[in-house]
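Just so it is clear, the model here is predicted, and its values are computed rather than measured. Sequence lines set the chain letters: A, B, ... in the order given, protein chains first and strands last, and positions in each chain run from 1.
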There are 2 protein chains.
Amino acid sequence: MRRKLTQRGRERRDQLIRCAAQLFAERGYHPTSVADIVECLGVGKGVFYWYFSSKEELLSELLKSSHLSLRRRQQAAIGDEPDPVRRIELGIRATLQWFHEHRDYFAIIQFAATDETFAPVLRRNREVALGDTIRHLKEAIVEGRIPDSDPETLAHAIHGVIDQLTRRYLLETNEPVSRVADAAVSFCLGGLAGGLDEGVSPVS
Amino acid sequence: MRRKLTQRGRERRDQLIRCAAQLFAERGYHPTSVADIVECLGVGKGVFYWYFSSKEELLSELLKSSHLSLRRRQQAAIGDEPDPVRRIELGIRATLQWFHEHRDYFAIIQFAATDETFAPVLRRNREVALGDTIRHLKEAIVEGRIPDSDPETLAHAIHGVIDQLTRRYLLETNEPVSRVADAAVSFCLGGLAGGLDEGVSPVS
DNA sequence: CCGCACCTTGACCCAGCGGTCAAGTAGCGT
DNA sequence: ACGCTACTTGACCGCTGGGTCAAGGTGCGG
């Protein structure tokens, strides 16, 4: 469903995605009907199918676009920082900040992860995210800023920490972002310095 | 939907729950129809509604019964162990073992967590689980086996660790249970000894 | 062997869903 | 002013899926 869109068209599309995101977050994907989505915008049903070929496609696009938004935020935060370790720190902080401002997406992503249909998009997103982290890690290793160990494993560990801390502290409590970010950063940088060689657990 | 059930009746009910659990785990809750469930048992649709008043109720019962099963496993593992700290350790090991044997339930619980409908059951389950842990913790504190700090926070931290390790190592890798359990136990007991006073993160 | 309670059947009901489309409107480029 | 393309409408459709029910089977206590 690639169409030529005018400015107005692009806005409508965004409205639909935002509207759907809110409803999906509130009631879940399946219980939200296409009728609900267009009603919430006060438009006819045809509008939906002008911009998306199916409800599934909308969610896929939502997942892609939210990931893009997060990634842009990270890049903006990192800027042209030369130190790879500091880049990782800035990335972690930006990520937590973003999730804090977009709590809704967390529920949606969590749902998408339980449905095979969206596995490809999520896998893709994850690979991109890991790739970003891995690049910084490799550079940090080359420059001797952190000990030499498998960057992929390190990246997984970092993402695991962010995931868990987001879940627990950003969604379930009112903990201020900065404190959670401090904890995440200090733990991750500590983990990087120590390496992960001595055990199965990223926390050992 | 409370009915007088014969032995045979109870078995049917269990069959339905098990069958549904498998289908839910494979395809998800919404995409699995009641027709699918009864078909997988080769019985008529009426059977389903003899035992459950709705598809929702079935999932609620599934969540309750799986939690009961886990709890029984924990209690069996703990036995009459007098040392509260050791009881916590045995509980952690039993939990990981149980999740290892019932991977399917993890996906289902994860889905249920994304649907408001099941929030009450899940909350209830969680409160019971926390209560169990808290009891041991309080006793351990009274006996001076671990430093005095908020048992509820400690319990949350322990459950968080179990949750995360289950997700990462029991579901996504083939790590043997015993090694994951060792890591979980050593981290949790370490955490208990150290307390959580110095930061927001359970890993700091 | 009766009677009763438990269990099973499967055709049926129908609300509501995802998705279509012929017809119409809006606005831009020329 | 015209025409073209982007956009919008909302009635409509086929069908799926949760849920019902009258009728029939099964097995056990008396």
Side-chain angles (χ1 to χ4, degrees), chain A residues 1-24 26-63 108 111-112 114-118 121, chain B residues 1-24 26-63 108 111-112 115-118:
Chain A
M1 178 78 39
R2 223 47 266 125
R3 275 190 198 285
K4 285 212 76 179
L5 295 183
T6 63
Q7 179 58 28
R8 187 158 145 270
R10 260 171 276 133
E11 273 160 27
R12 256 280 188 276
R13 211 183 106 105
D14 274 9
Q15 281 176 0
L16 282 165
I17 291 188
R18 274 202 306 275
C19 227
Q22 196 190 329
L23 292 171
F24 289 168
E26 275 166 20
R27 323 182 196 169
Y29 174 77
H30 288 293
T32 301
S33 69
V34 174
D36 290 335
I37 297 170
V38 295
E39 192 194 358
C40 127
L41 263 175
V43 299
K45 214 177 190 180
V47 171
F48 186 97
Y49 289 96
W50 177 259
Y51 295 101
F52 305 97
S53 61
S54 68
K55 196 180 151 192
E56 269 181 21
E57 200 203 67
L58 169 71
L59 180 49
S60 294
E61 289 298 308
L62 166 53
L63 293 170
I108 298 172
F111 161 77
T114 70
D115 192 320
E116 283 303 322
T117 319
F118 307 106
V121 198
Chain B
M1 178 79 37
R2 212 72 233 140
R3 277 191 196 284
K4 285 211 74 178
L5 296 183
T6 63
Q7 178 58 29
R8 187 157 145 272
R10 258 169 280 134
E11 273 161 25
R12 255 279 187 276
R13 211 184 106 105
D14 274 9
Q15 282 176 359
L16 281 166
I17 291 188
R18 276 201 304 275
C19 229
Q22 197 191 327
L23 292 172
F24 288 167
E26 276 167 18
R27 321 182 198 170
Y29 174 77
H30 288 292
T32 301
S33 69
V34 174
D36 291 335
I37 297 170
V38 296
E39 192 195 359
C40 128
L41 263 173
V43 298
K45 214 177 190 179
V47 171
F48 186 97
Y49 289 96
W50 178 259
Y51 295 101
F52 305 97
S53 60
S54 69
K55 196 181 152 191
E56 270 182 21
E57 202 204 65
L58 170 73
L59 180 50
S60 294
E61 290 297 310
L62 166 53
L63 293 170
I108 297 172
F111 161 76
D115 192 321
E116 283 303 322
T117 319
F118 307 105

Yes or no on side-chain contact (heavy atoms from CB on, under 4.5 Å) for A:Asp36 and A:Phe24, after CA distance, side-chain angles and deciding distance?
-> CA-CA 10 Å; A:Asp36 290 335; A:Phe24 289 168; over 6 Å; no
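Contact check for A:Tyr51 versus A:Ile17: no side-chain heavy atoms found under the 4.5 Å cut-off. The side-chain heavy atoms of B:Gln15 and B:Val47, taken from C-beta on, include no pair separated by under 4.5 Å. Between A:Val38 and A:Leu41, the closest side-chain pair of non-hydrogen atoms is not below 4.5 Å.
Within residues 45-52 of chain B, the residues having any heavy atom under 4.0 Å from DNA chain D are, by residue number, B:Lys45, B:Gly46, B:Tyr49.
Look at CD on A:Glu39: it is 13 Å from P on C:dG18, rounded to the nearest Å. C:dC6 atom C1' lies 14 Å from atom CD of B:Glu11, rounded to whole Å. Distance A:Leu59 CG to C:dG18 C1': 15 Å, rounded to the nearest Å. Atom CD of A:Gln7 is separated from atom P of C:dC28 by 12 Å (rounded to the nearest Å).
OP1 or OP2 of C:dT8 sits under 4.0 Å from a side-chain N or O of B:Arg12. At C:dC6, none of the side-chain N or O atoms of B:Lys4 fall inside 4.0 Å of OP1 or OP2 (strictly under the cut-off). Considering only side-chain N and O atoms, A:Ser53 lies nowhere under 4.0 angstrom from the phosphate OP1 or OP2 of C:dG19.
Between A:Arg8 and B:Leu5, it is B:Leu5 whose nearest contact on DNA chain C lies nearer the 5' terminus.
In the displayed structure, B:Glu26 atom CD is contacted under 6.0 Å by more than 12 heavy atoms of other residues, nucleotides or ligands.
No donor-acceptor pair under 3.5 Å is formed between the side chain of B:Asp14 and the backbone N or O of B:Glu11.
To the nearest 0.5 angstrom, B:Arg12 atom CZ is 13.0 Å from B:Gln7 atom CD.
Summarising the geometry of A:Thr32 relative to A:Leu23, their closest heavy-atom pair is OG1-O, 3.5 Å, with the distance given to 0.1 Å.
Of all nucleotides in DNA chain D, those with any atom nearer than 4.0 Å to a heavy atom of chain B start and finish, going 5' to 3', at D:dG17 to D:dC21.
Ring-plane geometry between B:Tyr29 and B:Phe118 is classed as perpendicular, the angle between the planes exceeding 60 degrees on a 0 to 90 degree scale with a lower cut at 30.
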